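Report on the following structure.
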Amino acid sequence: MAFNSVVLAKQVPDTKNITGQAMLDDGTVNRAALPAIFNPEDLNALESALALRDRCGGTVTVMTMGPPSACEILRNSLCRGADRGILLTDRRAAASDTLATSYILSCAVRKLSDVHLVFCGRQAIDGDTAQVGPQLAEKLNFPQVTYVEEILDVSDSTLRLRRNLGDGYELVEAPTPLLITVVDTANTPRPPAARRMLKYKRARGKAELSKEATEKFGKGATADIEKYMAQRCEQLSAKGLLIEQWDLDDIEADLTWCGRSGSPTKVHRIQSVVLTGNEHKQIEPTPQAISQMVHELIEDHTIG
Amino acid sequence: MIEVNRKGDVWVFAQQHDGKLNEVSLELLSKGRQLADRLKVPLGAVLLGQNVDSLTVPLFHHGADKVYLAQHDLLETYQSNTYAKALCQLITKHKPQIVIYGATPRGRDLAPRVASAMKAGLTADCTDLDIGDNTDPSSKVTHKDLLLQIRPAFGGNIIATIVNYDRWPQMATVREGVMVLPTPDTSRKGTVVKDDIELAPEDALIKVLEKSHREKRINLKGSRIIVAGGAGIGSPDGFQLLRDLANALGGEIGASRAAVDSDFINKDHQIGQTGTTVRPALYIAVGISGAVQHRAGMQDAAKILAINTDAEAPIFSIAHYGIVGDYKEVVPALTKAVKARA
Ligand SMILES: Cc1cc2nc3c(=O)[nH]c(=O)nc-3n(C[C@H](O)[C@H](O)[C@H](O)COP(=O)(O)OP(=O)(O)OC[C@H]3O[C@@H](n4cnc5c(N)ncnc54)[C@H](O)[C@@H]3O)c2cc1C
């Protein structure tokens with residue numbers, strides 16, 4: 001059977017290459033100072049969904065919640081083979097914790113019809129929480145299979161999946177609709193295809209176009225901006241290059257469960273990790289000095 | 001969500017797997033004990049399963065005052081949905097103020113599902129928990145005696161403390177190994193509270209066909225001495241020098257993620273944020289630069305010896321002893337000195 005899959009992907013700051021400048025005085029992180037990347041395990045989720053579609057047919061829709069710049073990962077997904085990309089963007093969604101995020105995503109997934117499978121990466125590298133997947137599954141009332149490493153057999157409406165739990169494996173059978181979270185050992189994501197890149201590098205979302213127009217005409221030039229936007233949207237849409245964009249009204253989200261008011265967890269304090277220049281004993285790399293140190297460690301019972 | 005309930009218990013989710021308690025649950029009981037004492041409320045352990053009555057005893061020995069025990073055919077094997085439903089029923093009934101879970105794959109599968117159903121807050125992968133007050137910066141209202149949920153964020157570059165004052169219970173998952181496992185007090189006793197759970201077959205949609213559990217061949221957490229190698233070791237063969245040293249000291253081999261990613265050694269040896277957290281008497285870091293994610297797993301070692309060719313490597317700033325030099329010369333010299341000690 002053919003599956004309609006939704007992949008939830010996130011654009012994240014590259015936490016591997018973080019610098020001091022990335023921290024603001026109020027303790028929050030200046031995301032703008034960090035390169036934004038496709039969350040690594042979301043790429044594994046996308047690959048699993050694409051591979052399943054190649055095997056059984058169906059569609060792959062990639063959805064991301066974030067600022068207009070998150071269109072970049074939708075473009076990237078289209079180049080890798082996704083059928084459709086949707087940007088969920090709304091200022092009122094800012095400051096959402098995992099609970100509010102999963103609520104918003106659940107409204108958006110419900111808006112799509114006939115979803116059989118939801119794919120998420122196991123976790124995002126900016127928060128490492130691994131919470132949004134299971135929370136979304138609960139909100140959709142879907143069963144969940146986390147830590148999926150391989151989709152084995154696929155029959156009518158059940159899947160056999162192998163989970164990698166770090167200290168062992170589990171082979172499970174699960175019905176659809178189903179939410180799965182995918183680990184990084186599942187696959188090697190296919191690179192963007194050259195032919196698709198030629199086409200989709202020009203895809204744009206409305207929010208990006210409006211930014212483009214404001215830069216072009218200046219903030220006050222409402223009429224020019226509107227005209228330009230209308231034109232560009234029509235052009236792109238005719239070529240299938242207009243990235244769909246939804247806000248909280250489009251997905252009929254109840255605002256009390258979104259953003260700050262929908263987020264039970266609050267930041268109490270943030271400390272950046274600074275190394276205190278601790279005094280250590282410098283040992284010369286000579287046999288005598290090393291023996292002396294070993295002797296000290298025996299004296300204080302560190303080694304027996 | 002349940003109402004704010006200052007008299008509510010502190011709960012630890014007691015993870016069991018095929019009738020065996022997961023060690024992290026016992027670690028959490030010792031932390032839970034401290035929290036419950038601060039709040040002057042009972043410490044409860046929640047045990048779900050089938051035919052697991054005998055497991056209540058070690059839970060009391062490790063500090064629980066009560067064990068909430070719910071047994072059901074559909075709870076025999078762990079499954080996200082049945083366990084989440086059972087736990088939500090217990091939370092709704094008994095209204096604990098705090099629920100903590102071990103951040104194992106299973107705990108991280110279960111806790112968010114419960115949090116979503118309860119519309120409660122949840123903080124993942126905490127490295128410490130405490131009780132404290134929080135003043136909301138906009139309303140200036142002070143909330144007393146909240147669970148402070150402390151965790152590294154942003155790839156370990158910051159430490160965030162999270163609170164949750166309006167939608168209870170306050171919940172967190174806690175990393176394995178970061179809390180000390182105390183010696184059990186075999187004279188401790190407590191009360192078993194048996195609860196009936198309502199579950200239907202349609203709650204259990206996932207079939208577990210096969211399970212394979214691989215015991216880790218090494219026991220890093222229990223090891224007094226760890227000799228750990230990093231990218232600087234350069235090859236799988238290089239680790240042999242570290243093994244010679246570890247054997248001479250009666251220690252285990254640890255590794256940085258870079259060494260694991262380069263296939264110098266298998267992942268069971270990884271120490272750090274995404275590996276094992278250790279607190280040995282002696283940690284010897286060889287050819288490890290000391291990235292924040294690595295330090296997160298070893299900085300509580302009683303003594304740290306760093307061996308590195310780069311005198312500026314960050315590892316030296318948390319070390320007690322530092323040797324600047326090539327490990328290929330330093331490590332054999334150290335092994336020789338250790339062997340000569342008797
Ligand atoms: C989300 C996330 C999670 C992570 N989790 C972990 C984790 O759990 N554990 C972990 O370790 N890392 C983790 N990392 C990776 C971490 O950031 C570092 O990349 C890693 O710890 C570096 O390993 P290293 O010190 O061995 O390598 P490097 O940083 O490359 O350091 C090698 C060191 O070897 C020294 N050296 C070279 N040759 C010699 C020689 N002949 N003799 C002596 N010294 C020599 C060099 O001077 C250098 O200091 C994580 C990263 C991220 C983003």
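This one's a predicted model, so the numbers in the text were calculated from it and none came from an experiment. Numbers restart at 1 for each chain; the letters A, B, ... are given by sequence-line order, proteins then strands.
- Proximity to chain A (any heavy atom under 4.5 Å) is shown, for B/Ile323, by both the backbone and the side chain.
- The NZ atom of B/Lys119 sits 5.5 Å away from the NZ atom of A/Lys139 when rounded to the nearest 0.5 Å.
- Ranked by heavy-atom pairs under 4.5 Å with chain A, the first of B/Val324, B/Asp125, B/Asn81, B/Leu146 is B/Val324.
- The candidate from B/Ser80, B/Ala302, B/Ser116, B/Ala103 with the greatest count of non-hydrogen atom pairs under 4.5 Å with chain A is B/Ser116.
- There is no contact between A/Thr158 and chain B, counting heavy-atom distances below 4.5 Å.
- Listed in order of number, the residues of residues 326-335 of chain B that approach chain A to under 4.5 Å between heavy atoms are B/Val330, B/Ala333, B/Leu334.
- Only the backbone of B/Ala120 comes within less than 4.5 Å of a heavy atom in chain A; its side chain stays farther off.
- Partners of A/Lys281 by salt bridge (Lys or Arg N to Asp or Glu O under 4.0 Å), not counting sequence neighbours, listed by chain and number: A/Glu296.
- A/Asp300 has a carboxylate O that lies under 4.0 Å from a charged side-chain N of B/Lys303, or vice versa, which qualifies the two as a salt bridge.
- In terms of modelled atom types and a separation under 3.5 Å, the side chain of A/Glu138 and the main chain of B/Ala115 share no donor-acceptor contact.
- Partner of B/Asp109 under the side chain to side chain contact (heavy atoms under 4.5 Å, CB included) criterion, out of A/Leu165, A/Thr181, A/Thr146: A/Thr146 alone.
- With contacts defined as side-chain heavy-atom distances shorter than 4.5 Å, the pair B/Ile159/A/Ile270 does not qualify.
- For chain A, no part of B/Ile307 is nearby; none of its heavy atoms comes within less than 4.5 Å.
- For a residue to count as touching a neighbouring chain, one of its non-hydrogen atoms must lie under 4.5 Å from one of that chain's; by this rule B/Lys211 touches chain A with backbone and side chain alike.
- Here the options are B/Asp136, B/Asp133, B/Asn134, the test is side chain to side chain contact (heavy atoms under 4.5 Å, CB included), and the partner is A/His268; only B/Asn134 passes.
- Only the side chain of A/Ile298 comes within contact range of chain B, judged by heavy atoms closer than 4.5 Å.
- For chain B, no part of A/Leu161 is nearby; none of its heavy atoms comes within less than 4.5 Å.
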